[in-house]
Number of protein chains: 2
Amino acid sequence: MTEKDKLTEEKIFEAAKTVFSERGMDGARMQEIADLAGINKSLLHYYFRTKEKLFNAVFDDIARMMFMKFASIFAQELPLEEKIKYFFSEHIEFMKLNPGLPIFILTEINRNPARMKKLIEKIDYNSIWKAIWPELNEENMKREEPFHIKQDEISQIVTSAIAISVFPFAARNLLEPILLQTGQTFDKYLEERKEFASNFIIAYLKSHKS
Amino acid sequence: MTEKDKLTEEKIFEAAKTVFSERGMDGARMQEIADLAGINKSLLHYYFRTKEKLFNAVFDDIARMMFMKFASIFAQELPLEEKIKYFFSEHIEFMKLNPGLPIFILTEINRNPARMKKLIEKIDYNSIWKAIWPELNEENMKREEPFHIKQDEISQIVTSAIAISVFPFAARNLLEPILLQTGQTFDKYLEERKEFASNFIIAYLKSHKS
DNA sequence: GTCTATAGAAGGATAGAC
DNA sequence: GTCTATCCTTCTATAGAC
């Protein structure tokens with residue numbers, strides 16, 4: 001009973017995640033979610049009341065998953081260069097498993113900025129920021145040739161790293177046909193990107209050595 | 001008469017660009033477009049027949065504007081390092097004037113990949129590719145310390161440059177509140193980004209000198 | 001070419017039986 | 001908890017007067 005409830009609710013939720021992330025809030029249809037879940041449309045309302053409430057539940061879950069992925073990567077205790085390699089390898093692999101995720105998050109944040117405020121307040125972004133900064137500040141000073149990074153640059157570097165990692169997935173349908181015309185595949189491009197992106201960031205950090 | 005027609009059609013088209021790029025195909029309402037254009041809703045159908053045809057006209061126009069911007073930047077005859085600086089300065093400035101453009105393009109390409117195929121075929125992407133490659137190949141060899149870039153890396157570098165430039169706008173509503181909490185403004189971040197991004201790319205190219 | 005009025009379809013939501 | 005039937009609103013699209 002409670003077992004069965006949980007099962008139905010779960011099926012609805014999974015179906016909703018699929019449909020919403022493919023079509024977005026506006027493009028999604030309750031009927032399609034019901035069909036995919038293999039249940040009646042009115043059950044959606046029984047469990048989640050309205051389309052918007054269902055969407056919010058889905059959005060929060062997906063956003064939390066994404067932020068947790070970032071947090072778990074940054075939390076790894078590794079030397080900076082290792083961590084950078086680990087970041088791109090893990091993050092690109094993660095998005096290969098969830099390729100629709102970046103554009104979904106970006107689109108919906110854009111359509112409804114208010115949605116973000118709740119989330120930003122909940123997330124301990126400071127722990128992410130600090131997970132990077134101390135390493136540049138402390139570990140760094142023990143190096144033979146320490147990196148010289150101004151604090152303002154941290155946000156530039158971090159957003160660039162995320163951009164490099166996320167953009168290919170957000171722009172996949174633009175990028176893939178162009179790559180094909182030059183004889184490359186998207187998969188090969190992604191594999192090469194793990195190493196390229198790491199070298200890219202590290203090259204910049206090293207260019208700051210005094 | 002023809003003058004007046006042109007005016008009405010133009011007003012509709014401008015209004016449609018605004019509404020579609022804010023709300024996307026699915027979220028846009030014909031009524032809102034009509035209101036913004038200051039005309040009757042049925043006139044939309046008189047001039048453009050269906051919502052989809054109107055949307056396609058808008059999408060093609062916006063996409064063409066974007067590609068032309070890229071093309072005009074790459075077409076500049078400048079030494080590579082100057083061109084890189086010029087690219088980020090011009091492109092970021094362009095997007096400051098059209099901040100909703102990146103997420104609009106990315107979202108709609110994602111929702112309807114087929115839309116892209118027509119466009120890709122029309123665009124002479126080869127001229128863009130070649131506008132970069134020869135410079136690394138020819139101009140480059142005259143340098144005292146030429147860059148050593150494999151051809152496969154070109155796509156990695158170019159997509160990274162675009163990612164670095166575009167991502168802040170696509171993720172603005174996520175980025176801005178976080179920046180504010182660390183005492184930075186989005187505008188200041190963007191201004192700094194022009195120089196940062198250039199240095200970033202150049203540092204990588206220089207790291208390849210033998 | 002522009003408007004009013006309305007058709008026609010789709011989609012979210014609810015009532016009520018089981 | 002799950003289904004059928006249906007309400008009601010919204011939206012695209014068209015008919016027809018001016």
Side-chain angles (χ1 to χ4, degrees), chain A residues 1-62 104 107-108 110-112 114-115, chain B residues 1-62 104 107-108 110-112 114-115:
Chain A
M1 206 158 157
T2 306
E3 195 58 27
K4 195 179 174 188
D5 292 8
K6 193 68 194 168
L7 196 66
T8 301
E9 190 168 342
E10 203 60 38
K11 279 195 299 183
I12 292 173
F13 198 68
E14 286 307 309
K17 279 207 278 193
T18 302
V19 173
F20 276 129
S21 57
E22 270 177 17
R23 310 218 187 277
M25 169 64 182
D26 294 327
R29 294 293 161 250
M30 296 295 265
Q31 186 63 59
E32 190 178 355
I33 296 172
D35 290 347
L36 186 60
I39 51 92
N40 192 279
K41 193 173 61 154
S42 56
L43 273 186
L44 300 184
H45 294 95
Y46 176 79
Y47 281 102
F48 292 93
R49 198 72 186 163
T50 67
K51 182 185 182 184
E52 198 182 353
K53 284 196 201 318
L54 176 55
F55 176 83
N56 285 338
V58 166
F59 180 83
D60 287 354
D61 188 70
I62 289 180
F104 172 73
T107 303
E108 299 301 338
N110 202 257
R111 296 266 193 274
N112 187 348
R115 229 194 296 283
Chain B
M1 204 154 156
T2 305
E3 195 58 27
K4 197 180 176 190
D5 290 8
K6 193 69 194 167
L7 197 68
T8 302
E9 190 169 341
E10 203 60 38
K11 278 195 302 182
I12 292 173
F13 198 69
E14 285 307 309
K17 279 207 276 193
T18 303
V19 173
F20 277 128
S21 58
E22 271 176 17
R23 308 216 188 280
M25 168 65 183
D26 294 328
R29 294 294 160 248
M30 296 294 266
Q31 186 63 61
E32 190 178 353
I33 295 172
D35 290 346
L36 186 60
I39 50 91
N40 191 277
K41 195 176 54 153
S42 55
L43 273 185
L44 300 185
H45 294 96
Y46 177 80
Y47 281 102
F48 291 92
R49 198 71 186 162
T50 66
K51 183 186 181 185
E52 198 182 351
K53 284 196 200 320
L54 177 54
F55 177 83
N56 286 337
V58 166
F59 180 83
D60 287 354
D61 188 71
I62 289 179
F104 171 73
T107 303
E108 299 301 339
N110 203 256
R111 297 265 193 275
N112 187 348
R115 228 194 295 285

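Numbered from 1 within each chain, the chains take letters A, B, ... in sequence-line order. The structure presented is a predicted model; accordingly, all values stated were derived computationally and were not measured. Below, all heavy atoms of this structure are taken into account, side chains as well, without hydrogens, waters or symmetry copies.
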Asks: At under 4.0 Å between heavy atoms, which parts of nucleotides 12-18 of chain C does protein reach? Answer with one letter per nucleotide, 5' to 3': B base, S sugar-phosphate only, - none.
Replies: BBB----
Asks: Whether A/Thr8 contacts D/dG1 is assessed here as follows: a side-chain N or O lying under 4.0 Å from the phosphate OP1 or OP2. Is that the case?
Replies: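 For D/dG1, OP1/OP2 do not have a side-chain N/O of A/Thr8 under 4.0 Å.
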Asks: Given atom CG of B/Asp26 and atom P of D/dT12, what is their separation to the nearest angstrom?
Replies: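 Result: 11 Å.
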Asks: Indicate the ring-plane relationship of B/Phe104 and B/Phe59, choosing parallel, tilted or perpendicular according to the 30° and 60° boundaries.
Replies: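 B/Phe104 and B/Phe59: tilted rings.
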Asks: With a 3.5 Å cut-off and sequence neighbours excluded, list the donor-acceptor pairs that the side chains of residues 33-43 of chain B form with protein atoms.
Replies:
from    : atom 1 : to      : atom 2 : distance (Å)
B/Asp35 : OD1    : B/Gln31 : NE2    : 3.0
B/Asn40 : OD1    : B/Ser42 : N      : 2.9
B/Asn40 : OD1    : B/Ser42 : OG     : 2.8

Asks: How close or far is atom C1' of C/dT2 from atom CD of B/Glu9, stated in whole angstroms?
Replies: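 To the nearest whole Å, that distance equals 15 Å.
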Asks: What's the shortest heavy-atom distance between B/Lys51 and B/Met25, and which atoms?
Replies: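 Closest pair (atom of B/Lys51, atom of B/Met25, distance): NZ-O, 3.0 Å.
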Asks: When the distance from OH of B/Tyr47 to C1' of D/dA13 is rounded to whole Å, what number comes out?
Replies: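 The distance from OH of B/Tyr47 to C1' of D/dA13 comes to 18 Å, rounded to the nearest Å.
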Asks: Within this structure, what is the CG-to-C1' distance between B/Asn40 and D/dT14, rounded to whole angstrom?
Replies: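 B/Asn40 atom CG is separated from D/dT14 atom C1' by 12 Å.
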Asks: When the distance from CG of A/Asp35 to C1' of D/dT2 is rounded to whole Å, what number comes out?
Replies: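 Whole-Å distance recorded here is 16 Å.
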Asks: Atom CZ of B/Phe20 to atom P of D/dC11: distance rounded to whole Å?
Replies: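 Spelled out: CZ on B/Phe20 to P on D/dC11 is 13 Å.
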Asks: Can you name the nearest heavy-atom pair linking B/Phe20 to B/Leu54, along with the distance?
Replies: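 The answer is CE1-CG, 3.9 Å.
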Asks: Give me the atom names and distance for the closest heavy-atom approach of A/Glu22 to B/Arg111.
Replies: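 So the two residues come closest at O-NH1, 3.5 Å.
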Asks: Whole Å only: how far is the CG atom of A/Leu44 from the P atom of D/dG1?
Replies: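 Computing the A/Leu44:CG to D/dG1:P distance gives 15 Å.
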Asks: At their closest point, which heavy atom of A/Thr50 faces which heavy atom of A/Met30, and how far apart are they?
Replies: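 Looks like C-CE, 4.4 Å.
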Asks: Between B/Ile12 (CD1) and C/dG1 (C1'), how many Å, whole number?
Replies: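 For the pair B/Ile12 CD1 and C/dG1 C1', the rounded distance is 11 Å.
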Asks: As a test of reading the structure: which of C/dT4, D/dC3, C/dT2 is closest to the side chain of A/Ile39, going by heavy atoms?
Replies: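 Side chain of A/Ile39 sits closest to D/dC3.
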